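In this chain, numbering begins with 1 at the start of the sequence shown. From a predicted model like this one, the values you see are computed outputs, not experimental measurements.
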Amino acid sequence: METGEFEESKTFNLEALLEYSTNAIVIKNISVRNNCVIQAFAFDFGKVLSHDESPFTRFIHVIEGKAEVVINGNSTFMGSGDSILIPAFASSSIEANHKFKMLCVTVKST
């Protein structure tokens, strides 16, 4: 199993290491385990990531920029430093009305 792109017990700066790519969503795996995945994302303007009733709870933290998170049809606009929990089995999307970087921790619900 892949454990991630980053070495444990070593300091790294996500904001500096995570770069935008034109018309893309860049994903870096920080840690991948059986019941928990930690990833960093860089969204270019206009990109959308959707989940339909995922069985996972997701913690989203905006590192840089602004994001729109839609949970069960309700929009929340977030800026740098803001965080939100997306509950398991909720339909959701993360939308880039501006370029932004985020941290996502996905935990398998029991």
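In terms of heavy atoms, S50 sits closest to S93 at OG-CB, 3.6 Å. Of all heavy-atom pairs spanning A42 and Y20, the tightest one is CB-CD2, 3.9 Å. Of all heavy-atom pairs spanning G81 and H61, the tightest one is O-CE1, 3.4 Å. The heavy-atom pair separating S21 from D44 by the smallest distance is O-CB, 3.5 Å.
One hydrophobic cluster, built from ILVMFWY side chains closer than 4.5 Å, cannot hold both L103 and I25; they sit in different ones. L17 is connected to I38 through a chain of hydrophobic side-chain contacts under 4.5 Å among Ile, Leu, Val, Met, Phe, Trp and Tyr, so both are in one cluster. Hydrophobic cluster membership is shared by F100 and V69, with clusters built from Ile, Leu, Val, Met, Phe, Trp and Tyr side chains linked at under 4.5 angstrom. The hydrophobic clustering, which links ILVMFWY residues whose side-chain heavy atoms are closer than 4.5 Å, places V105 and F41 apart.
No more than 12 heavy atoms of other residues, nucleotides or ligands sit less than 6.0 Å from atom CZ of F45.
Separation of atoms CG (L14) and CD1 (I63) is listed at 5.0 Å; rounding is to 0.5 Å. Here the CG atom belonging to D82 is positioned 13.5 Å from the CE atom belonging to M102, to the nearest 0.5 angstrom. Atom CD1 in I30 sits 5.0 Å away from atom CZ in F12 (nearest 0.5 Å). Summarising the geometry, atom CD1 belonging to I60 is positioned 8.0 Å from atom OG belonging to S92; distances are rounded to the nearest 0.5 Å. Once rounded to the nearest 0.5 Å, the distance linking CZ of F89 with CD of E53 reads 8.5 Å. A distance of 13.5 Å separates CZ in F56 from CD1 in I86, rounded to the nearest 0.5 Å.
No donor-acceptor pair under 3.5 Å is formed between the side chain of T57 and the backbone N or O of P87. With N72 contributing its side chain and S91 its backbone, the two residues share a donor-acceptor pair below 3.5 Å.
By the 4.5 Å heavy-atom criterion applied to side chains, I84 and M78 are counted as neighbours. Within the 4.5 Å cutoff, the side chain of F43 has heavy atoms near those of the L49 side chain.
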- Stepwise, does the side-chain contact (heavy atoms from CB on, under 4.5 Å) test hold for F77 with N97? CA-CA 10 Å; F77 295 92; N97 299 328; 3.7 Å; yes
- Query: Hey, mind stepping through E95 and V70 against side-chain contact (heavy atoms from CB on, under 4.5 Å) and telling me if it holds?
  - Reply: CA-CA 8 Å; E95 305 179 10; V70 181; 3.7 Å; yes
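By the salt bridge (charged side-chain N to carboxylate O under 4.0 Å, His left out) test, K47 is found to be paired with no residue, residues two or more places apart in sequence or in another chain being considered.
Residues in residues 56-66 take part in these salt bridge (Lys or Arg N to Asp or Glu O under 4.0 Å) pairs, two or more places apart or across chains: E64-K101.
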